Every structure is written in structure tokens, then in C-alpha cells.
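Single-structure report; data block below.
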Amino acid sequence: MTTVPADTSSRPWDFVQRGLAAVGISGRGLVIAAPALWMTLFFLVPLAVVFGISLSVKQFGQPPYSDLLTTESGTVQLTLHLSNYLKLIEGSIVDGGFWFNLAFNLIVAALALVIARGLSRSVEPLALFAIYAVAVVAGALFLVTLYTADLNVYLTAFLSSIRIAAISTVIAILIGYPMAYAIALAADRWRNILLMLVILPFWTSFLLRVYALSSFLRGEGVINNFLGVFGVPPLVMMQTDFAVYVGIVYSYLPFFILPLYTNLVKLDPALLEASADLGARPYRTFLSITLPLSMPGVVAGAMLVFIPAIGEFVIPSLLGGPGTQMIGRILWDEFFGKTNWPRAAALAITMLIIVVIPIMLMQRAQNAVVEGR
Amino acid sequence: MKKTLALSLGALLLSSTAVLAQEEPVLNVYNWSDYIAEDTIPKFEAETGIKVNYDVFDSNELVEAKLLAGSSGYDVVVPSGFFLERQVAAGLFLPLDKSKLPNLANMDPDVMAATAAHDPENKFAIDYMWGTTAIGYNAGKVAERLGDQAVDTWDVVFKPELVAKLADCGVTLLDAPAEVMATALNYLGLDPNSESVDDLKKAEDLLMSIRPHVRYFNSSQYIDDLGNGEVCLSVGYSGDVFIAQAAAADANAGVEVGYAIPKEGALKWFDLFAIPADAPHPDNAHKFIDFMMRPDIAAANTNYVYYASGNKAALEFIDDEVKNDPAIYPTPEVSAKLFNLKAHTPDYDELLTETWQRIKAGS
């Protein structure tokens, strides 16, 4: 303490700041450190633990997996087992023809889309249509190859999770868009009430709401009793994929409506008026003004439905049948039916990778839309 | 200064050991769902002042998963014998202190001898109840669809042409690989305890042939569904089917539930109380197990859940309709056809659970 700070009006934390600067830490560094520490503690460390377990093998004992590091007669041995990852594809018929079909159709579809984009202003509509048709057919063949292949339990579950999540997302968009639009257009005094109605179900337990759906879908449930009045024989709806779609769309619809609503409510009415003044009919205005401008909301909402739906466990296990093999259920079985932590860990890591790719793609699409490319 | 610090530290240590010697009055029980009389826990709490946290499961696999994960926090668990066997071998349980279990004298020596096959010398576990795994069915709906075919054979489950007729009213299987596979092996005339890969394949083929007609695999959902007519044929646990039967009778909505032990035989199992090695309240656990062996308590539980008690002294307090029901206490002829399961080796279990996953997925 040889020098006293000249500026006596200095704020008390200046002292701290200077002290930190002396050891090479800036205020900005500290601000970044907080989330970085959080991410490390609650994301990276657990992820590393899970990844470590995925490289061990199951054993009967406590804990139910082998040690990666073993010490034997003074030598430390690191044993990494890849068997859990290999098991994820084992038993599937994924031969050369399968990969060729997959890759070929994907490349054709992608190429056709790129070409169509590049030519969109310079060729006849009919030719453009033909190129798009090629892309659609190739895309369809890609999906057919994937879904008709003879795959093992894990790959089937991955694919059906993606399929169920994707279809649910599309249904949520079809139902949710008009709802969000109606709320955004509603008179002020109605708007809050309508929004409230969307949010209200969150005040009861998610589990309870899903379970309550069974009283509608059961053999002796509300829907069948109603249909019975008209002489319709009871439909089997519980323990089917249909029930799972109903459950997912019902549960996640608010997640789609809310971001889309916040987007639509900010839409400048002047643009719509301008469109009308220029002679566009309402549907035309919707297609060329409202819809494009609302895309960020649609993408954000769709992501909030799609991503949690892929890993959904509660809905398929309460409403789905044994054939509704979603990855969440498989994970449960690995942990609690088979006590196979390493396999479950390998599945979780793989699923993370599978989910991260669409997230990144959507993020990019969203950024592109926001930047008004 | 130092002296006072040492003294206070010593006092702290002493007081904490004193606390340890006398367990906090809490007990964490992990039992099968629908497996205890409603007033048993309140009675125990009132008599001992111990607060019970009562948690339920519906599969042996789930209990084992929690025990193997360690630090389950449970003081009493109730796995079936054929799972407990290998858990005992893996050192997952605390040996029972029999000086703390005076009511042990009430137990049925025959049952004790039978459970000793899983737990040598009954060192770690005491039977709670025992029962069978067979067929629960909706009498009206099944008769409507199967006509003269009586539900006295596993054919109604394992013959595709028969079970197909029931698919529309709902057929369910337990989500219990060891038990359902053993039942399938027994039906095929093979050793239910077989660990042969060929036998497993035959059982898998059999189950795959009926898989399209199975509504779901679940070990507790069918209790409600059978009772309210939502499903019409369930491979289930005896007492659970009787609970469904009672619920159906109470509802009085025209649903009549029956339970059949088919002529080909069925699995007989024992569920046993055991204390996990890392149980936080082992003393309270002993008190609870001893309480559950009191004749009046054991009888009240059996009267409520319709499973046979492993307690001989309880027999005089058990209702006649329960005691004399051959589906609960099978006749010697039926008993002769029941089979027991041994614990599977972990290697075979791996194979079995993989197979089971394929069967459930139907692919």
C-alpha cells in the first residue's frame, strides 16, 4: 500500500477490477466466465460423464458398468469399448445397395433443389416444375429407402421418433397458425383472454393432462360414446400412433402458438394496407406479405415442437402401443428394463448428435430469414 | 482456546454419534403397486412414530436397476425370488438381524424352505406374499368371441388363431421378460429355466406369432383396464387380477373378471422383503419387516390384496373366501403343475432382454 489512489471518488469495485486486471482477468472475461462456468458444470461435465459411460460395458454390480481406467500390477490401463455404438446398427440390413440408394437419392434431391433455385428466374415454369418434381420424387425415394429397410430396434426407434415428431410438427403448424393469426388479429380486450386460454393448461401437471386424454380416447371414452350414438362401432384409439399424435400436438401446441403470435402481432398493418391498395386480394396479401414475414415465428415455434417431441417419453408410454417405439422409451428400457447404462449412454450421445443437426440447420435458416436475405 | 475448540468438536462428534445410534424416525419402503392394505402403513406409523415414505414399482427389472445404481435411499425393497437370488449373490443386501425379528416364528416353514432356494438359509430376505402368473380375462367378452373354448389352457394366449379373435377387445402381456418367456417355454414343453439359445429362439418365434394381437406390454395398467372392460385378456399376477375382479364387481357395469391357472401349469413366485446394503435406516427396516410378520397385519394385507401370505400364524385371521379360493391357495393338484424360476445368469439375461426388446417392438 505505497500509493493511495488519486481519484478518491472511484467506485468501490474499481479496486476489485484493478486487482483482477493485475492477474489478467478483465470485467468482460468475468461476464463470459459466468455462463461458461454454468455450461461447463451442467452441460459439458455431464456430457463427458455420459460419453465415458458409453465407452464402458455393462456388468452386474454397483455401479452397473465397467471402469474405463483399471490398475493391474502397477500398469494403468484405459479400456474403451465401442461395442455400444456398434450395437446400435447391429442386426440391421444396411448393405451397399441401401447406402447407395440413400446417398444417390439425397444427392439428386439436393442437386435438383440447387438447380431449381439457380434457374428460378430464367426458365419456363413448366421446366421448373419438372425439376422440383425430380427433387420431390428423389426425396420420397430417400424416405422410402430409409423406412422400408430392415433395421434393428434402435435405428427403427430413431426413425420413428423423427417421423412422429415431424408429422406432429406439421399438424401443429396447420392448427397453430390460424390460432396464432386469430389471436394476433383479435380486438385488444379479447386478445389477453385468448392468450390466457392458450397458457392456462400449463397450470396443471403435464402428466395429468396427457393421462386425461385417455378418458377421451378409451374404448368406453367420450369420443366412442359420442360416435356410438350414431351407431359407429367403438374405434381402438388408445395404444396407437394416432393417440401419440393427439398427445404430442395437444401438449406442444402452445409452444408453437406463442412465438408465432409474438411475431404476428408485430406485423406492420401498413404493409397489408399497401398490398390491398395495390389490388392484391387477401389470400395474395397473406401469401406474399404475412406468411414470409412470419417465417421466423414459424421456424422458432416448429423447433420448440419438433425437438422435445423427438425425445418424448411420457406421451408414447401413456398413450402409445408397443409398436410406438420412440427413443425415449428405448432409453427407459435400457436403464430400467435392462440396466444397460453403457448402451443407454451411447444412445443418448447419438440422439444428441441427431438432434443437434436439425437445430443447427433451423438456426441457420432462421438467421437467413431474419437478416432478410 | 484450543482446548475449548477440541471440547466442542468432541461434543459435536458425540452428539452426531448419538443421533446415528438412534435413527431418525423415517423409513423408505419400495413395494409393488397395489400390494398392501390401506391401513397398514398408518397403523405402523401410529405404533412406532416412524414416518413412512411409501413408493411403488411394477417390475423386478426396475427394482434391480435402482439397486444396482446404488444409493437408492430405500430401506425395504420387495423383489421376487428369482431376481433377489442374483442380487443376494452380488452383495446388494444387508443380512437380516434375526434377533430384531421375533415374529419370524410366525412364518410358514414350507414357504421359508421354498424361498431358501433363492436365499440360502433365509439370511437376507423374508417372504411377504406369493402368487402365480397366469390369465386374467373378461368372462363375457371372451365367451362372446371364443364360444365353447374355455380359458383353461395357454392356447388362448399362444395360439395365433385364438388370440386373434380377442385382439379387438384387448390382449395384454406383462412387461416382464423373465416371467413371460418362462411361461412361453413351459407352454412349448421346454424347461422354463432353460438358458439355451435355441429354446429362447423358439419362445421368441412363438411370441412374435401372437405379437400383432397384443395391445400393450405393461405390468400394472391392466389392473384398471381389465376391471373396467377396456381390455379382455391379460397375462397377469393373480392378486392383481383379483383386484380388477373386485373393482369390476364394485362398479357393477356388467364386467365379470376371471382368473385361470391353465392346465399346462403356471409360474409360482415369492416376493421377499430385503434391506439394501446401503439402506439409511436399517433399524427401522427391521421394525417394519417384523411388523409385517404380525399375524393380524399379514392377514389384513392378504385379505385386501388377495395374494397368499407366507405367514402361517396369519392363516386363522384370513377370510374364508380368500383362504378357500383355489386360485389364491391352489389345490395340491394345481400346485403340482406350478413351476418355480431360478435367477438367470447376467449373460443370459442380456440375451433375454435384447430378445424382449425386439418382441415388444415387433420387428
Side-chain angles (χ1 to χ4, degrees), chain A residues 57-65 83 87 90-93 149-157 159-160 211 214-215 217-221 224 233-240 243 316-326 329-330 332-344, chain B residues 57 59-72 86-87 89-92 141 167-170 172-173 175-177 211-212 214-218 221 224-225 228-232 253 255 276-278 343-347 349-350 352-363:
Chain A
V57 281
K58 175 187 168 175
Q59 64 175 21
F60 194 81
Q62 263 176 347
Y65 52 88
S83 56
K87 277 275 184 189
E90 193 183 278
S92 315
I93 300 177
D150 191 0
L151 301 176
N152 70 6
V153 175
Y154 302 115
L155 292 179
T156 311
L159 285 179
S160 70
Y211 199 65
S214 69
S215 66
L217 301 171
R218 280 174 36 197
E220 312 260 317
N224 273 325
L235 304 169
V236 176
M237 289 182 284
M238 274 302 282
Q239 282 96 30
T240 62
S317 50
L318 284 182
L319 303 176
T324 318
Q325 288 292 322
M326 288 182 75
R329 284 179 100 178
I330 298 279
W332 166 274
D333 269 355
E334 292 295 335
F335 270 113
F336 301 109
K338 299 163 70 178
T339 323
N340 196 338
W341 291 27
R343 190 79 49 81
Chain B
F57 58 84
S59 88
N60 274 306
E61 287 81 2
L62 187 52
V63 186
E64 189 165 277
K66 295 223 176 168
L67 289 175
L68 289 177
S71 318
S72 66
R86 63 184 186 200
Q87 293 157 1
L92 296 181
K141 287 191 177 171
D168 73 303
C169 65
T172 79
L173 296 183
D175 191 1
R211 167 67 184 74
V214 175
R215 178 81 57 89
Y216 61 73
F217 294 79
N218 191 299
Q221 172 83 42
D224 276 354
D225 285 352
N228 61 30
E230 192 65 21
V231 303
C232 65
V255 175
D278 53 7
H344 284 308
T345 57
D347 281 346
D349 203 52
E350 177 83 23
L352 175 67
T353 48
E354 303 263 293
T355 307
W356 187 248
Q357 207 168 32
R358 279 200 300 277
I359 294 171
K360 279 203 288 182
S363 62

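Proteins get letters first, then strands, A, B, ... in listed order; numbering begins at 1 in each. Note that this is a predicted model, so its numbers are computed, not measured.
Contact tally against chain B (heavy-atom pairs below 4.5 Å) for A/Lys58, A/Glu220, A/Arg329: the top residue is A/Lys58. Of the listed residues (B/Thr353, B/Leu68, B/Val214, B/Asp168), the one with the most heavy-atom contacts under 4.5 Å to chain A is B/Leu68. With chain A as the partner, the residue from B/Glu350, B/Lys66, B/Gln87 showing the most heavy-atom pairs under 4.5 Å is B/Glu350. Counting heavy-atom pairs closer than 4.5 Å to chain A, the top residue among B/Ala69, B/Ala89, B/Gly229 is B/Ala69.
Under 4.0 Å is where a charged nitrogen must lie from a carboxylate oxygen, and between A/Lys338 and B/Glu61 no such pair does. Comment: A/Arg343 engages B/Glu354 in a salt bridge, judged by a side-chain N to carboxylate O separation of less than 4.0 angstrom.
In this structure A/Gln59 satisfies the side chain to side chain contact (heavy atoms under 4.5 Å, CB included) test together with A/Ser66, sequence neighbours excluded. Qualifying side chain to side chain contact (heavy atoms under 4.5 Å, CB included) partners for A/Gln325, counting only residues two or more places apart in sequence or in other chains: A/Ala157, A/Ile330, B/Lys360, B/Ala361.
Listed here is the closest heavy atom pair of A/Phe60 and B/Pro346: CB-CG, 3.8 Å. Across every non-hydrogen atom of B/Phe217 and A/Pro322, the tightest pair is CD1-CB, 3.5 Å.
Side-chain contact between A/Thr324 and B/Tyr216 is absent, with no heavy atoms from C-beta onward closer than 4.5 Å. A/Met238 places none of its side-chain heavy atoms less than 4.5 Å from the side chain of B/Arg215. Residues B/Arg358 and A/Asn152 fail the side-chain proximity criterion, which asks for heavy atoms closer than 4.5 Å.
If you take CD on A/Gln62 and OG on B/Ser72, they are separated by 8.5 Å, rounding to the nearest 0.5 Å. Between the CD atom of A/Gln239 and the CG atom of B/Asp225 there is a distance of 6.5 Å, given to the nearest 0.5 Å.
Under a 3.5 Å cut-off, the side chain of B/Glu230 and the backbone N or O of A/Gly219 do form a donor-acceptor pair.
If you measure heavy-atom distances from B/Gln221 to chain A, the contacts under 4.5 Å come from the side chain alone. With a threshold of 4.5 angstrom between heavy atoms, B/Arg86 approaches chain A through its backbone and through its side chain. Neither the backbone nor the side chain of A/Asp150 comes within less than 4.5 Å of any heavy atom in chain B. Within the 4.5 angstrom heavy-atom criterion, no atom of B/Asp347 approaches chain A. Heavy atoms of B/Leu67 lying under 4.5 Å from chain A belong exclusively to its backbone.
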